[in-house]
Amino acid sequence: MALFTYETKKDTRSGFGAGMEYLSVNNPKVVALCADLIGSLKLEAFIKNSPERFFQTGIAEANMIGLAAGLSIGGYVPFATTFANFGTGRVYDQIRQSVAYSGKNVKIACSHAGLTLGEDGATHQILEDIGLMKMLPGMVVINPCDYNQTKAATIAAAEYDGPVYLRFGRPVVPVFTPENQKFEIGKALHLIEGSDVSIFATGHLVWEAIIAAEILLEKGIHAEVINIHTIKPLDTQAIHASVAKTGCVVSAEEHQINGGLGDSIAQYLALNLPTPQEFVGVNDSFGESGKPADLMEKYGLNAQAIVDKAIKAIARKKA
């Protein structure tokens with residue numbers, strides 16, 4: 001039984017490009033900076049429409065963050081763009097000191113996050129970026145699930161006053177959320193109602209969670225699937241309401257288990273509603289070179305892994 005359907009697949013980085021194209025026409029305060037990765041970040045339309053609002057910094061990411069902070073002081077809304085590995089880990093000190101500490105209105109927009117970067121291998125497949133960014137006081141962390149949601153999240157990030165980390169990826173994935181949707185920062189989205197287990201997923205794992213719910217339904221298990229597109233601030237109200245109903249949890253993310261979405265959920269539940277929880281994520285490991293689908297299977301980041309964890313969480317609830 002198909003709970004959700006889709007007609008096409010697109011990469012989420014193209015959703016970012018579409019969002020920036022919209023902002024190039026509709027928000028004159030938005031400027032874009034890029035560390036020599038225009039094509040990868042899909043900025044061609046933005047540059048065509050507003051060439052005077054684009055800054056090519058070259059392979060100098062730390063300098064790019066400094067320039068973005070300065071532009072924000074001048075009243076602009078800068079989007080500093082590069083690969084997630086270079087835009088978080090390589091320049092963490094600059095982000096901490098020049099953006100987060102002083103609350104600058106800078107948007108750090110990063111593509112090629114996680115294992116689905118694929119063949120470029122472990123040195124480029126950052127799996128720690130959500131943790132790095134969410135630990136910074138005042139930093140909003142957004143990880144949308146498909147093309148349409150990434151476009152909407154980009155537009156919403158421009159409207160938000162304060163630092164934002166926007167994470168998206170390289171592979172094509174199903175486009176299943178509404179076109180021209182309104183994106184609300186910090187507001188989780190209920191995709192499937194259920195009573196037996198809560199599945200909280202983010203990014204590319206949201207579609208896998210939907211498939212998992214379909215498999216579980218065939219087994220007579222009603223899974224609730226919630227899209228946590230904003231990891232910080234976390235929608236604790238939605239999490240609490242779901243878990244109070246189902247009594248057990250699976251978190252699913254293309255990120256290290258340590259420091260990611262699952263950690264944030266576990267911290268909240270430990271303090272407010274202790275609940276059996278299982279984690280789908282990378283378990284204290286770097287990635288490796290390979291095809292994205294093969295890597296997701298090897299590291300347990302697919303629908304079947306979510307199904308297995310859901311069954312385990314339900315068994316713990318009943319024990």
Side-chain angles (χ1 to χ4, degrees), residues 9-16 35-37 39-42 59 61 81-92 95 108-135 141 143-146 150 165-174 199-212 228 231 250-264 266 278-310 312:
K9 290 184 176 183
K10 294 182 180 180
D11 48 343
T12 50
R13 60 180 172 150
S14 288
F16 171 71
D36 202 29
L37 290 166
S40 295
L41 273 296
K42 305 298 183 179
I59 305 174
E61 292 85 358
T81 70
T82 184
F83 286 2
N85 187 43
F86 308 142
T88 59
R90 178 175 288 182
V91 294
Y92 193 72
I95 294 171
I108 301 161
C110 292
S111 183
H112 292 59
L115 288 175
T116 49
L117 174 55
E119 290 82 354
D120 287 3
T123 58
H124 286 52
Q125 295 164 347
I126 194 164
L127 296 163
E128 308 84 39
D129 54 315
I130 290 173
L132 288 170
M133 293 295 104
K134 79 174 188 178
M135 285 190 293
V141 178
N143 187 35
C145 66
D146 71 355
T150 306
Y165 175 54
L166 181 61
R167 183 191 208 240
F168 39 93
R170 182 185 200 178
V172 294
V173 293
I199 302 174
F200 300 111
T202 188
H204 294 149
L205 269 292
V206 174
W207 181 253
E208 297 297 323
I210 291 170
I211 297 173
I228 307 289
I231 295 168
V250 175
S251 56
E253 58 195 308
E254 188 186 352
H255 188 270
Q256 296 284 356
I257 291 172
N258 295 328
L261 169 65
D263 253 9
S264 293
E278 294 292 329
F279 299 79
V280 172
V282 176
N283 188 14
D284 197 30
S285 170
F286 290 102
E288 61 184 290
S289 180
K291 295 184 183 301
D294 293 341
L295 292 169
M296 296 291 270
E297 180 175 359
K298 176 174 180 177
Y299 288 85
L301 305 183
N302 57 18
Q304 187 57 53
I306 296 172
V307 168
D308 295 343
K309 294 290 187 176
K312 185 175 180 180

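It should be emphasised that the depicted structure is a prediction, and the values quoted were computed from it without experimental measurement. The first residue in the sequence is number 1, and the count goes up from there.
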Shortest non-hydrogen contact from T150 toward P144: OG1-CG, 3.3 Å
Nearest non-hydrogen partners of L115 and E254, listed with the distance: N-OE2, 2.8 Å
Atom of L261, atom of A252 and distance for their closest heavy-atom approach: CD2-O, 4.3 Å
Set of side-chain hydrogen bond (donor to acceptor under 3.5 Å, both in side chains) partners for Q304, sequence neighbours left out: D308
H255 side chain reached by D129 side chain, heavy atoms, under 4.5 Å: yes
Non-neighbouring partners of K298 that pass side-chain hydrogen bond (donor to acceptor under 3.5 Å, both in side chains), sequence neighbours left out: E288
Donor-acceptor pair, side chain of K42 and main chain of G15, under 3.5 angstrom: no
Atom pair CZ/OG1 of R167 and T88 - distance to nearest 0.5 Å: 9.0 Å
Main-chain N/O of T116 paired with H204 side-chain donor or acceptor, under 3.5 Å: no
Heavy-atom check, side chain of F16 versus side chain of D11, under 4.5 Å: no
Polar side-chain atom of Q256 near backbone of S285 as donor-acceptor pair, under 3.5 Å: yes
Heavy-atom closest contact (H112 atom, L117 atom, distance): CD2-CD1, 3.1 Å
Note, I95 side chain near M133 side chain (heavy atom, < 4.5 Å): yes
Backbone N/O of A35 and side chain of E61: donor-acceptor pair under 3.5 Å: no
Exam field: side chain N85 to backbone T123, donor-acceptor pair closer than 3.5 Å: yes
Nearest heavy atoms of A201 and A209, plus distance in Å: CB-CB, 3.8 Å
Q125 side chain vs G118 backbone, donor-acceptor pair below 3.5 Å: yes
Donor-acceptor contact present, side-chain R13 to main-chain S40, <3.5 Å: yes
Considering all heavy atoms, the nearest V91-F86 contact: CG2-O, 3.5 Å
Salt bridge (charged side-chain N to carboxylate O under 4.0 Å, His left out) pairs, two or more places apart, involving residues 199-212: none
